[in-house]
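Only one structure is covered here, and it is reproduced in the block below.
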There are 2 protein chains.
Amino acid sequence: MKAAKAADIERAAELFHALADATRLRIVERLRDGEQCVCDLTGALDTGQSRLSFHLRTLKDAGILRDRRQGRWVYYALNPDVMEEMAEVLGSIRGA
Amino acid sequence: MKAAKAADIERAAELFHALADATRLRIVERLRDGEQCVCDLTGALDTGQSRLSFHLRTLKDAGILRDRRQGRWVYYALNPDVMEEMAEVLGSIRGA
DNA sequence: ACGATACATCAACGATTCTTGATCTGTCAA
DNA sequence: TTGACAGATCAAGAATCGTTGATGTATCGT
């Protein structure tokens, strides 16, 4: 188990911060089953459009989500790469 | 993979929040190798006493650390239970 | 008892984050 | 074109968080 570099720590903090909010966790939970457009999420999460957009951006900026425009709709999905990254981060936090 | 209950989500957000800070992650990293007293951490992390105490409390309040007073010193260590909890949380976030 | 040491807590302030409502952009249908 | 819809972005205020320095509390050595 190697020591974490400063950049790793900053990155881990960024990831954790993005997940440190109940609304964002609900978004992630909903996306486990696959891509959804913002309109679906708005209905499912019962939240204002602006608020939802803010949290989606927070997750996207952290690399947790990716988005894809299709016609009038934008679809969000979990980024598989970051899931692996999370697992690594968790491993490095876990005690020996 | 069952759906997360509201309480689970709040708890996960609490855990992630506690880890969403570089100073706190450095503390956790140092404690991977076992218990340390605050004085050791102060030296190792090169941070003010008050600041360190604040972050230790944040981690402890989230259940990530436990503390133990011994004479003049207070020792902090990772809470093994919460490590398992983190792994579960991660599993529930991870896509199918 | 007294001073020193280890740490917690408090109060005040700045910084960051979140929410809300308004406005802007892009896409489609008529 | 025009209007409607999906969504992003912006601006302002509220709330939360982190930092700093000062003070409080417990324990120890003398």
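Each chain gets a letter, A, B and so on, in the order its sequence line appears, and its residues count up from 1.
Of the listed nucleotides (C:dT19, C:dC18, C:dA8), C:dC18 has the atom at the smallest distance from the side chain of A:His17. Nearest nucleotide to the B:Ser50 side chain, out of D:dG7, C:dG21, C:dC10: C:dC10. The side chain of A:Arg24 lies closest to C:dC18 when the candidates are D:dA6, C:dC18, D:dT9. Of all nucleotides listed (C:dA22, D:dC5, C:dC18), C:dC18 comes nearest to the side chain of A:Phe54. Here D:dT20 is the nucleotide among C:dA29, D:dG29, D:dT20 with the atom lying nearest to any side-chain atom of B:Arg51.
Looking at heavy atoms from C-beta onward, A:Leu65 lies in side-chain contact with A:Ile27 at the 4.5 angstrom threshold. For the pair B:Asp61 and B:Glu14, the minimum side-chain heavy-atom distance is 4.5 Å or more.
Between A:Leu41 atom CG and A:Leu56 atom CG the span is 6.0 Å, to the nearest 0.5 Å. For the atom pair B:Glu29 CD and B:Arg26 CZ, the distance stands at 8.5 Å (nearest 0.5 Å).
When the side-chain nitrogen and oxygen atoms of B:Tyr76 are compared with OP1 and OP2 of C:dA6, none of them lie within a distance under 4.0 Å. For A:His55 and C:dT19, the shortest distance from a side-chain N or O to OP1 or OP2 is below 4.0 Å. In terms of phosphate contacts, B:Arg72 brings no side-chain nitrogen or oxygen within less than 4.0 Å of OP1 or OP2 of D:dG29.
Here the P atom of nucleotide D:dT16 and the CG atom of A:Asp21 are 12 Å apart, to the nearest Å. The distance between atom CZ of B:Arg68 and atom P of C:dA8, rounded to the nearest whole Å, is 14 Å. Distance A:Ile27 CD1 to D:dG7 P: 13 Å, rounded to the nearest Å. Rounded to an integer number of Å, the gap from CG of A:Leu59 to C1' of C:dT17 is 14 Å. In this structure, the CG atom of B:Leu65 is 14 Å from the P atom of C:dC7, given to the nearest Å. Rounded to whole Å, atom P of C:dC7 lies 11 Å from atom CD of B:Gln70. Atom CG of B:Leu56 and atom P of D:dG18 are 13 Å apart (whole Å). Rounding to whole angstrom units, OH of residue B:Tyr75 and P of D:dA26 are separated by 20 Å.
Around CZ of B:Arg68, the count of heavy atoms belonging to other residues, nucleotides or ligands within 6.0 Å exceeds 12.
Position along DNA chain C of the nearest nucleotide to B:Gln49 versus A:Arg69 favours B:Gln49 as the more 5'-ward residue.
Counting non-hydrogen atoms under 4.0 angstrom, A:Gly71 reaches the backbone sugars and phosphates but no base.
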